[in-house]
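Working notes for the structure below.
All values below were derived from every heavy atom in this structure, side-chain atoms included, with hydrogens, water molecules and symmetry-related copies excluded. As the structure lists them, so they are numbered: ligands from 1, and atoms in each ligand from 1. The structure presented is a predicted model; accordingly, all values stated were derived computationally and were not measured.
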Amino acid sequence: MTEKLRFGIVGCGVIGPIHAQAIASLPDAQLVAVTDINPEKAQRLADEYAVKPYTTLAEMLAGEQLDVVNICTPSGRHGEQVCQVMRSGRHVIVEKPMEISHAAIEQMLRVQQESGVKLAVISQHRFDPASLQVHDLVEEQAFGRLVLGNAIVPWWRSQAYYDSGAWRGTWQLDGGGVLMNQSIHSIDLLQWFMGPVRSIYAYTDTLAHHMETEDVAVAVLRFENGALGTIAATTSAYPGVTTRIEIFGAKGSAVIEDDNLSYLHLAREDAQEIGAYGIAHERIETRSASFAEGSYKKSKKAAAAGSTAQNPAALSFRGHALQIADMIRAIREDGTPVVDGQAARRPVEIILGIYESARTHKEVTLP
Ligand SMILES: NC(=O)c1ccc[n+]([C@@H]2O[C@H](COP(=O)([O-])OP(=O)(O)OC[C@H]3O[C@@H](n4cnc5c(N)ncnc54)[C@H](O)[C@@H]3O)[C@@H](O)[C@H]2O)c1
């Protein structure tokens, strides 16, 4: 039998325990230690999984035989800690965003090359069945020429949420507001489906919270393939409403709502040609209802139980487990994780481009 890979977690706040749950759910993985600068948080998580607590990363790296370290600390700390782990010869899984500046990301990629270890960045919604299905269809060119892609994130976070950690909503450690923290998942999916972004024009503002960074943003995008797109995001939409990712092409359209495929229509599946004015209205309703019914019920249920549109802690560990399993596969096969550093830098570059456009009132072109 192959030995289990030994994991350590750094950061035992909201997301650290989700990593612990995900690791515990995998037959090939074993949690052996956790670290938090707050000794009580480290002790609490360590007790739950009967592992050793540490209060510094350096002590955990020196004291434990580890294969993989999961970094779950404030976003602006990721670069320094990821580099520290990679230099110790261990593989790293780091939470999103990979980092919050171009310079930090460049440094992480350089150290990864030098150390030869594997680096994966959490973007758990890439592993949702709906995301995988839409991505496969894009690869098959089932949507025809892509013309428009939208990401809509009307979430709610209270002032108490921003006040719950000194780093939240700051430029220095959160690296931004609703875009860098909450919407990065949807922005990553949007660019994964639509392809690289070429240029951006954007507005951002802080309208309903006391915080440094933005709680509302809109951006218009031009993708490299010529398609257009929009991003509309806020953490001030009480009580937090369905996230939508919409992909429109000349031969098909798809809508993902709260991680479920709520609408899919492909020309290749039409028994007869659609008229010059598009599909008849009744047919749209029948077709979309059969997809939407399930997801509508689910999203109503999610709202009742609390979804991440409303509550950051209402998060399943399953997406993280799939992504950690993907890292284990990459280590065992000496392959590449699905979301490696090169893949994870893209959504951050789009977000930094949005901030630059909003600041300068100019169109920003990505390299
Ligand atoms: N993938 C997701 O869906 C998801 C969800 C929530 C958060 N996140 C990401 O996870 C990261 C952490 O977010 P959170 O909400 O868990 O934050 P948090 O504030 O709840 O937890 C962060 C923890 O890190 C600890 N910490 C800070 N500096 C440290 C250091 N130098 N060494 C060790 N521990 C340190 C803090 O004491 C705290 O317990 C952020 O990058 C965030 O974007 C991702």
Query raised in the report: Does any N or O in the side chain of Glu99 come within less than 3.5 Å of the main-chain N or O of Gly79, such that one atom is a donor and the other an acceptor?
Result: yes
Query raised in the report: Is ligand 1 less than 4.0 angstrom away from at least one heavy atom of Ile37?
Result: yes
Query raised in the report: For atom 5 (C) of ligand 1, what is the nearest protein heavy atom, given as residue, atom name and distance?
Result: Ile15 CD1, 3.4 Å
Query raised in the report: Arg168 heavy atoms, cut-off 4.0 Å: which ligand 1 atoms fall inside?
Result: 14 (P), 15 (O), 17 (O), 18 (P), 19 (O), 20 (O)
Query - NZ/NE/NH1/NH2 to OD/OE distance under 4.0 Å, Glu257 and Arg244 - result: yes
Report summary line: Ranked by distance from atom 36 (C) of ligand 1, the top protein heavy atom is Asp36 OD1, 3.5 Å
Requested in this report: Find all atoms of ligand 1 within a distance of less than 4.0 Å from any non-hydrogen atom belonging to Ile122, and give their numbers and elements.
Outcome: 1 (N)
Query raised in the report: Is there a donor-acceptor pair closer than 3.5 Å between any side-chain N or O of His91 and the backbone N or O of Asp67?
Result: no
Query raised in the report: Hey, do the aromatic rings of Tyr161 and Trp155 have their centres closer than 6.0 Å?
Result: no
Query raised in the report: Quick one: which of Ile184, Val121, Leu179 gives a side-chain contact (heavy atoms from CB on, under 4.5 Å) with Pro97?
Result: Ile184
Requested in this report: Please state which part of Thr56 comes within less than 4.0 Å of ligand 1, counting heavy atoms only: side chain, backbone, both or neither.
Outcome: neither
Query - Contact atoms of ligand 1, heavy-atom distance to Cys72 under 4.0 Å - result: 12 (C), 22 (C)
Requested in this report: For the residue pair Phe193 and His135, categorise the inter-ring angle as parallel (less than 30°), tilted (30 to 60°) or perpendicular (more than 60°).
Outcome: tilted
Query raised in the report: Short list, please: which atoms of ligand 1 are under 4.0 Å from a heavy atom of His185?
Result: 1 (N), 2 (C), 3 (O)
Query raised in the report: What class does the angle between the rings of His320 and His19 fall in, given that below 30° is parallel, 30 to 60° is tilted and above 60° is perpendicular?
Result: perpendicular
Report summary line: Of Met60, Gln323, Lys96, the residue with the heavy atom nearest atom 8 (N) of ligand 1 is Lys96
Query raised in the report: Regarding Thr235 and Asp215, is there a side-chain donor-to-acceptor distance under 3.5 Å anywhere?
Result: no
Report summary line: The atoms of ligand 1 lying under 4.0 Å from a heavy atom of Lys41, numbered in the order shown, are 38 (C), 39 (O)
Query - Nearest neighbour in protein (non-hydrogen) for atom 3 (O) of ligand 1 - result: Gln124 NE2, 2.9 Å
**Report entry** Check ion pair Asp163-Arg168 (N to O, under 4.0 angstrom)
**Finding:** no
Requested in this report: Using a strict cut-off of 4.0 Å, indicate which atoms of ligand 1 neighbour a heavy atom of His320.
Outcome: 1 (N)
Report task. Compute the minimum heavy-atom distance from Gly165 to ligand 1 and say whether it is under 4.0 Å. Result -> no
Query raised in the report: With a cut-off of 4.0 Å, which atoms of ligand 1 are near a heavy atom of Ser75?
Result: 40 (C), 41 (O), 43 (O)
Query - Atoms in ligand 1 with a heavy atom of His78 nearer than 4.0 Å - result: 41 (O)
Query raised in the report: Partners of Glu114 by side chain to side chain donor-acceptor pair (under 3.5 Å), sequence neighbours excluded?
Result: none
